[in-house]
Amino acid sequence: MLVMNQVSKKFGNFTALKDVTLEFDNGIYGLLAPNGAGKTTMIKMLVTLLFPTNGEILYDGTDITTLDEEYRNVLGYLPQEFGYYKNYTPEKYLMYLAALKGMEKNTAKQKITELLKLVGLENVTNKKLKKFSGGMIQRVGIAQAMLNDPKILILDEPTSGLDPKERARFRKLLNVLAQDRIIILSTHIVSDVESIANQIIMIKDKKVLYKDSITNICEILEGKIYETEVEIANAESFRAKYFSIGERQERDQMTFRFITEEKAIDPAWRNVRPSLEDVFLYIYQDDATLAGSTV
Amino acid sequence: MIIKHELWKIAKMPIIWFLLLFFIGLNVLISLTNTDFKEDMAVLKDLVRNYGHDINVEMMTDLGDDYEEKVAWVNHIAKHDGKTYEHPSELLDTYISEKPFNEDEMQKLWQYRSIETYYRVSQDIDEFYQKLDLKDSASAIIGMYGMKDAAADTVRDQFQKLDRRLEELIENGEHKHLFFHNKVYEMHELLFEKIGRALIFELMLLFVLITAAVTNYEFENKTAAVSYTAKRGRKLALAKLAAASIAGFFVILVLIGVTFTTYFLTYDYSGLWNVPISTYFNAEMPLPYITWWNLSFLEYLGFFVLFVIIIQYLFMGITFFLSIFMKNTYLVFFCFLIIAGAGVLLPEIAPHGSNFIFYLQYTPYVMVMNPHEWLMGNGPFTIYKTYEAVTIVVWTLVTGSLCALSIRRFKRMQLH
């Protein structure tokens, strides 16, 4: 079990995270928050790139800095910005990383072949990485994270730069990898975790706001999400009155998806089931990066 | 295994190979600058083969007899003008413009003139050393650099010690050995100052570049997040230092190897390897080279190579320390140059009245400025007998501590 116990992180006078306490058991965890909320800081502490200012991170009861190599031996990490040696082939680069992970040459070779096949790169093993598309590079990144068959797999914004088809493929891949390990998936894209995460962690104001299943989190907005049609001429005043979380224009009407604490005062309002995205938009409504979403 | 991977990264850097080839070419060119004297210098080889390099009574008698025969031949070919010449140079000076002799005779005359130089200079060595007064040298240096108070006292004190060594040197007869007549050929300056200094600076550039580039490689390729979170973790920095050390040694082998092979194939030192470096013939300035110990040319060359290697590893240590904290090759490179510049310039601006000026010399940056005076009492500011040893030991400890500190610090460094 991986535990963050009262973890805080400061950079000078700036507090990035405050008193974060979390427990991770086997399963997929979606770390969901807008950019700049502290996701990457949290992840970097979990992978020993950063160290907490206060608090401790324990793996099976021992501090991960004390475990040192022993902890990193069970860790797989795909950083937000996955760097690579552009003149290396994926096979060669993975061989290097396998050596850093302390793997024997023959075991590494076998594992690399297996993983490159798993991520669908078995036909380009001898092609230089500089010729790879963003999606292919990301798949190499996933392969490297899986090299040592990690007990803890941490993926920071793994789908950034991927097209929708590749995202779907990635989610499928994660489902295959999800057995008997902790997977922490950091993202600001709700759809990345909506269908695969067992639990969602939301960070706000430097603290953990929710750590629960998607169903439970969505209950927060149960009975508060509606959809309705509004004349285009009245759209502005509607927006001013209600918190719109999605809009769609159809002929001379606007369809609004909105949140209100009021009971349905208009018979045209249709109560709808809240989605994770609705919760996300509701929680981070004052965050500038959320502007411009659609129904 | 990891070191092999790190070495491969260095080997794939085109700039290293380009610089290595460029420096080899440059050193070959510098090595060839004295080829005009090659034939002239070949005379010495014959002299050493026939009489040995030790200038003693027996040797001087044999050489003298031989020289008389040569003078007789000189007078024989010059019989038409009715004069008697005591030395080949007199005849050459008389007929330098007319050249009434055939090519063979002229060639022989030039050879005899060289022999004459070795013979006559050998005769004057004792007298020169009798007149050599190091107190005058001390006063001249004090005046030249405007030294006063404690600094002037130190120079006098050190020259007194050098004077005792000079007495020992004379007693040993270290000064009386045939060697290239370097007041003319300046071979010591060519080998240890021009080539030596070039080698040191070239290797310094390569060492700094190799160390900084391989240490910062993960940060510059944005692979640090993956590399340093693998099992080996921050210990990777140690593998990088080891790889830089191996690559550096290879660079030393190639650059020094090719340069010295070119030099010693061009200039024949056979028979001269065991000549004391403090011999009078090696002198290029009014004050002859005086080593603090009785060292042969070969031993001196050995110490030179050893010091070059040690100093390069000191530079590597400093670069590694800077790289750990700066994580950018260009920044490290410029920072290193600034430190080196400060190391050289600080002693220049230090007051010439205090001993502080001598303490500022104890850096590898100052030490590399005058490699031709290592282990000698000839440098006014580095005249101490233990200058090189103290500089190397102190800086090895400093650099070693810096490296240990940086490795320890890096283990807990926040990697953003």
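Chain naming here is simple, since letters A, B, ... match the order of the sequence lines and numbering starts at 1 in each.
At least one donor-acceptor pair under 3.5 Å links the side chain of A:Ser133 to the backbone N or O of A:Met136. A donor-acceptor pair is defined here as one N or O able to donate and one able to accept, closer than 3.5 Å; such a pair exists between the side chain of A:Thr113 and the backbone of A:Lys109. A donor-acceptor contact shorter than 3.5 Å links the side chain of A:Thr21 to the backbone of A:Gln6. In this structure a side-chain-to-backbone donor-acceptor pair under 3.5 Å is present from B:Gln312 to B:Ile200. A:Gln144 contributes a side-chain N or O that, together with a main-chain N or O of A:Gly141, makes up a donor-acceptor pair within less than 3.5 Å. With A:Lys39 contributing its side chain and A:Pro34 its backbone, the two residues share a donor-acceptor pair below 3.5 Å.
Checked against the 6.0 Å centroid threshold, B:Phe334 and B:Tyr330 do not count as a close aromatic pair.
A:Asn126 and A:Thr89 share no donor-acceptor pair across their side chains, judged by distance under 3.5 Å alone.
Of the two parts of A:Lys86, neither the backbone nor the side chain holds a non-hydrogen atom closer than 4.5 Å to a non-hydrogen atom of chain B. Within the 4.5 angstrom heavy-atom criterion, no atom of A:Gln80 approaches chain B. There is no contact between A:Tyr71 and chain B, counting heavy-atom distances below 4.5 Å.
Taking a 6.0 Å sphere around CZ of B:Phe325, one finds it holds more than 12 heavy atoms contributed by other residues, nucleotides or ligands.
Within residues 388-416 of chain B, the residues having any heavy atom less than 4.5 Å from a heavy atom of chain A are, in residue-number order, B:Lys411, B:Arg412, B:Met413, B:Gln414, B:Leu415, B:His416. Proximity to chain B at a heavy-atom threshold of 4.5 Å picks out nothing from residues 146-154 of chain A. Of all residues in residues 41-54 of chain A, those placing a non-hydrogen atom less than 4.5 angstrom from a non-hydrogen atom of chain B are A:Lys44, A:Val47, A:Thr48, A:Leu49, A:Leu50, A:Phe51.
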Set out, in order, the CA-CA distance, both residues' side-chain angles and the distance that settles ring pair (Phe, Tyr, Trp, His ring centres under 6.0 Å) for A:Phe24 and A:Tyr29, then state yes or no. CA-CA 8 Å; A:Phe24 301 95; A:Tyr29 296 83; 4.9 Å; yes
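In this pair, B:Tyr359 and B:Phe356 present their aromatic rings perpendicular. The plane angle is above 60°, beyond the 30 to 60° band. The aromatic rings of B:Phe260 and B:Phe264 lie perpendicular to each other, with more than 60° between the two planes, well past the 30° mark.
The shortest non-hydrogen separation linking B:Phe304 to B:Pro371 is CE1-CB, 3.7 Å.
The candidate with the highest count of non-hydrogen atom pairs below 4.5 Å against chain B, out of A:Phe11, A:Tyr77, A:Tyr85, A:Phe82, is A:Tyr85. For the set B:Met1, B:Glu218, B:Lys4, the entry with the most heavy-atom pairs within less than 4.5 Å of chain A is B:Glu218.
Comment: A:Lys111 engages A:Glu114 in a salt bridge, judged by a side-chain N to carboxylate O separation of less than 4.0 angstrom.
Considering only residues two or more places apart in sequence or on other chains, B:Glu220 meets the salt bridge (charged side-chain N to carboxylate O under 4.0 Å, His left out) condition with none of them.
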